[in-house]
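A quick write-up on the structure given underneath.
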Amino acid sequence: MLDQNAATPLYEQLKVAIKEGIEAGEYRPGTRMPSEAEMEKLYDVSRITVRRAVKELCEEKILAKKQGKGTFVLSPVNVSYNRLDRTVGGFHDSLVREGKEATVDILEKSVIRVNTSYARDLDIDPEDKVVCLKRLMYANGVPVMIDTAYIPEKRFPGIYDKLVGNVALFRLMEQEYGVKLERYYKVLKVRKATEDMGRLLNCEEGDPMFDLFKITYNGGGIPQSISISILKGNDTYYVITSEEEDQVNHSGLSWKL
């Protein structure tokens, strides 16, 4: 129980209590924390106190909020800056190699016709149908990237129905369609966060963001997909080397894009 008469503010006491609970194994890494209402009763504090304590613990990367799912305890993040292989790897596979958990929330999924520029990049007719898949990507429960992919239906028939749950797109392309992605073309820009980006990635509107445009190709040089990945600029950096082992690092987590 927290000390209501202590000089230390209640939200600070609550932060300490939560950290002690994590260290003691009461709240295990990767598990969901009690709801705000449950913590109110558990610690006999107000909702405002709970929200401030949770907010600051999220800022300290001890907890993380997942939209519509609750607040989760983060796994310890001590990832070395490993050299990644030269394949056109995906988000899931790169983090799995690091021993970390990769999860996604599908935000939008639709069948559309892309603009003339994207149709040219994909080497398709502007009237051809394309699956548009927008996802929020998490590393160890922390939202790190908004990714929007465009996949030609004629090259991946039936893929719309396969894009469900915690889908790993590149792995699906390889395992279900026998497509190995071997080349890519990338354009990296800097932009400001919109209100929607800030809400999803826990940052402020106007914050600097990385905007990575990528086209992937199979071994025959035929374009297979386009993706636009949005990442926070203040805790992410992008490494480009002469050996073409491009790498993204976000708060100690690294993966290939």
Exercise. So is Lys109 actually on top of Tyr160's ring, under 6.0 Å and inside 45° of the axis?
Worked result: yes

Exercise. Quick one: ring pair (Phe, Tyr, Trp, His ring centres under 6.0 Å) partners of Tyr150, sequence neighbours excluded?
Worked result: Tyr118

Seminar exercise, completed: What one should report as the nearest heavy-atom pair of Cys132 and Ile112 is CB-CD1, 3.9 Å

Problem set entry | Salt-bridge contact Lys232-Asp211 (side-chain N to carboxylate O under 4.0 Å) | no

Exercise. With a 4.0 Å cut-off, would you call Glu153 and Lys129 a salt bridge?
Worked result: no

For this session: Decide whether a cation-pi geometry holds between Lys186 and Phe213; the criteria are a distance under 6.0 Å from NZ or CZ to the six-membered ring centre and an angle within 45° of the ring axis.
Result: no

Exercise. If you round to the nearest 0.5 Å, how far is CE of Met33 from CD of Glu26?
Worked result: 8.0 Å

Exercise. Does Asp123 have any salt bridge (charged side-chain N to carboxylate O under 4.0 Å, His left out) partners at least two apart in sequence or in another chain, and if so, which?
Worked result: none

Exercise answer: donor-acceptor pairs, residues 172-179 side-chain atoms, under 3.5 Å, sequence neighbours excluded:
{"residue": "Tyr177", "atom": "OH", "partner": "Pro157", "partner atom": "O", "Å": "2.8"}
{"residue": "Tyr177", "atom": "OH", "partner": "Ile159", "partner atom": "N", "Å": "3.2"}

Problem set entry | Test: Lys15 and Glu60 ion pair at under 4.0 Å | yes

Exercise. How many angstroms lie between CG in Leu163 and CD1 in Ile151, if you round to the nearest 0.5 Å?
Worked result: 5.5 Å

Problem set entry | Pair Glu195 + Arg199, salt bridge at N-O below 4.0 Å | no

